[in-house]
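This report refers to the structure that appears directly beneath it.
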Amino acid sequence: AAWLGVVAGLHAAPGVQAGFAVAAAVLALAVIAGIRSSPDRLAVGLALAAALAGLAGGAVRAAAVRDGPVAELSVAGAQVSVAAIVTSDPDLRAGTGSSSGEPYVVARLRVERIVGRGVTAQVRTPVMLVASDPEWAGILPGTPVSLSGRLSPAEGGPVAAFLRTSEPPRATGPPGITSRLTEPFRAGLRTAVEGLPAAAQGIVPGMAVGDESQLPPEIRRAMQKTG
């Protein structure tokens, strides 16, 4: 129930969030009022209370994504410079999804500092990087980077904006300790599955050590749709 509340808080429109919260609160109060007559009502009431707590947490996180300088600058299509942390395995994709027809890389970043249009701000805001330089595919999660690019709105979802850049990656420090410790295992596993079908080459490392860098695009999209 708490997980469902978090999902609603993160992805639902503000009006839907409010309706969900009111309905859950009314039901929780009605059920808890009769807990003496039925233990089952207590269980339902607690589940609804957990959903409310999850909704509140998700709404707070969603507000942090939708509001703030990153989202505001994205609406203006601003050119910005950022300091950020790579938070996902970069995904090298075929050029069929780009206007140039060239391969490109997508990855999640957590922007920690942003400068643009006279604004300088310290933030902790997730964005989706879209990079035309394939060298980005070799950057490990947890790596701090600096780059310049143009923002565009993300239209909802778990990131505040898209950040498009043609620059090569500029690492400003080493990857996080988790990436440094697991990369030898990840590399060994990628080598071990080289003879398997493409889907298995991506799925096995992803399930074993969380390495999603080799997932085929259609598998990645299916996983994102199903959560």
Side-chain angles (χ1 to χ4, degrees), residues 9-11 13 58-176 178-179 206 210-217 220-221 223-225 227:
L10 279 172
H11 297 285
V60 169
R61 291 178 59 190
V65 169
R66 294 170 184 158
D67 301 329
V70 175
E72 291 169 3
L73 287 167
S74 74
V75 173
Q79 182 76 20
V80 297
S81 296
V82 304
I85 305 291
V86 179
T87 58
S88 72
D89 283 300
D91 180 22
L92 179 62
R93 298 187 178 181
T96 52
S98 68
S99 58
S100 67
E102 297 294 326
Y104 62 101
V105 177
V106 297
R108 290 270 190 96
L109 303 181
R110 184 179 70 245
V111 174
E112 306 215 319
R113 184 173 185 270
I114 185 167
V115 179
R117 298 283 180 96
V119 174
T120 299
Q122 303 294 326
V123 295
R124 288 178 62 86
T125 305
V127 301
M128 183 66 74
L129 171 73
V130 182
S132 60
D133 192 315
E135 287 187 21
W136 280 96
I139 297 295
L140 292 177
T143 302
V145 295
S146 64
L147 66 148
S148 297
R150 188 169 298 278
L151 291 172
S152 61
E155 305 296 341
V159 298
F162 291 99
L163 176 59
R164 290 175 168 82
T165 184
S166 59
E167 296 181 349
R170 297 194 302 272
T172 57
T178 301
S179 290
D211 181 359
E212 300 179 355
S213 60
Q214 305 299 311
L215 277 177
R220 187 184 298 274
R221 286 193 293 269
M223 292 174 66
Q224 290 171 343
K225 287 180 181 179

Would Val82 and Leu163 count as a side chain to side chain contact (heavy atoms under 4.5 Å, CB included) here? Give the steps.
CA-CA 10 Å; Val82 304; Leu163 176 59; 3.9 Å; yes
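- Considering all non-hydrogen atoms of both residues, Met128 and Val106 come closest at SD-CB, 4.4 Å.
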Could you give me the CA-CA distance, side-chain angles and deciding distance for Ile139 and Val105, then say whether side chain to side chain contact (heavy atoms under 4.5 Å, CB included) is met?
CA-CA 11 Å; Ile139 297 295; Val105 177; over 6 Å; no
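- Neither side chain, Ser166 nor Ser132, offers a donor N or O lying under 3.5 Å from an acceptor on the other.
- Taking 4.5 Å as the limit, some side-chain heavy atom of Glu112 sits within range of a side-chain heavy atom of Arg124.
- Checked by atom type and distance alone, the side chain of Trp136 pairs as donor or acceptor with a backbone atom of Glu167 at under 3.5 Å.
- Nearest heavy-atom pair, Ala71 versus Ser74, reported as atom, atom and distance to 0.1 Å: O-OG, 2.6 Å.
- Between Val145 and Thr172 the shortest side-chain heavy-atom distance does not fall below 4.5 Å.
- Heavy-atom minimum distance, Leu109 versus Thr87: N-OG1, 3.9 Å.
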Does the side chain to side chain contact (heavy atoms under 4.5 Å, CB included) test come out yes or no for Arg113 and Thr120, once each step is laid out?
CA-CA 7 Å; Arg113 184 173 185 270; Thr120 299; 3.6 Å; yes
One pair to check against side chain to side chain contact (heavy atoms under 4.5 Å, CB included): Thr125 and Ile114. What are the steps and the verdict?
CA-CA 10 Å; Thr125 305; Ile114 185 167; over 6 Å; no
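- Side chain of Arg164 to main chain of Leu151: no donor-acceptor pair is present (N/O by atom type, distance under 3.5 Å, no hydrogens or angles).
- Arg110 places none of its side-chain heavy atoms less than 4.5 Å from the side chain of Pro126.
- When side chains are defined from C-beta on, Thr143 does not count as touching Pro174, because their heavy atoms never get closer than 4.5 Å.
- Minimum interatomic distance between Ala107 and Pro90 (heavy atoms only, all atoms of both residues): CB-CA, 3.8 Å.
- You'll find the side chain of Val70 reaches within 4.5 Å of the side chain of Val123, heavy atoms only.
- Atom CG of Leu92 is separated from atom OH of Tyr104 by 9.5 Å, given to the nearest 0.5 angstrom.
- Side-chain contact between Leu73 and Arg117: present, with at least one pair of heavy atoms (C-beta onward) separated by less than 4.5 Å.
- At least one donor-acceptor pair closer than 3.5 Å links the side chain of Ser88 to the backbone N or O of Arg108.
- When all heavy atoms of Ser148 and Thr165 are compared, the pair lying nearest together is O-OG1, 2.7 Å.
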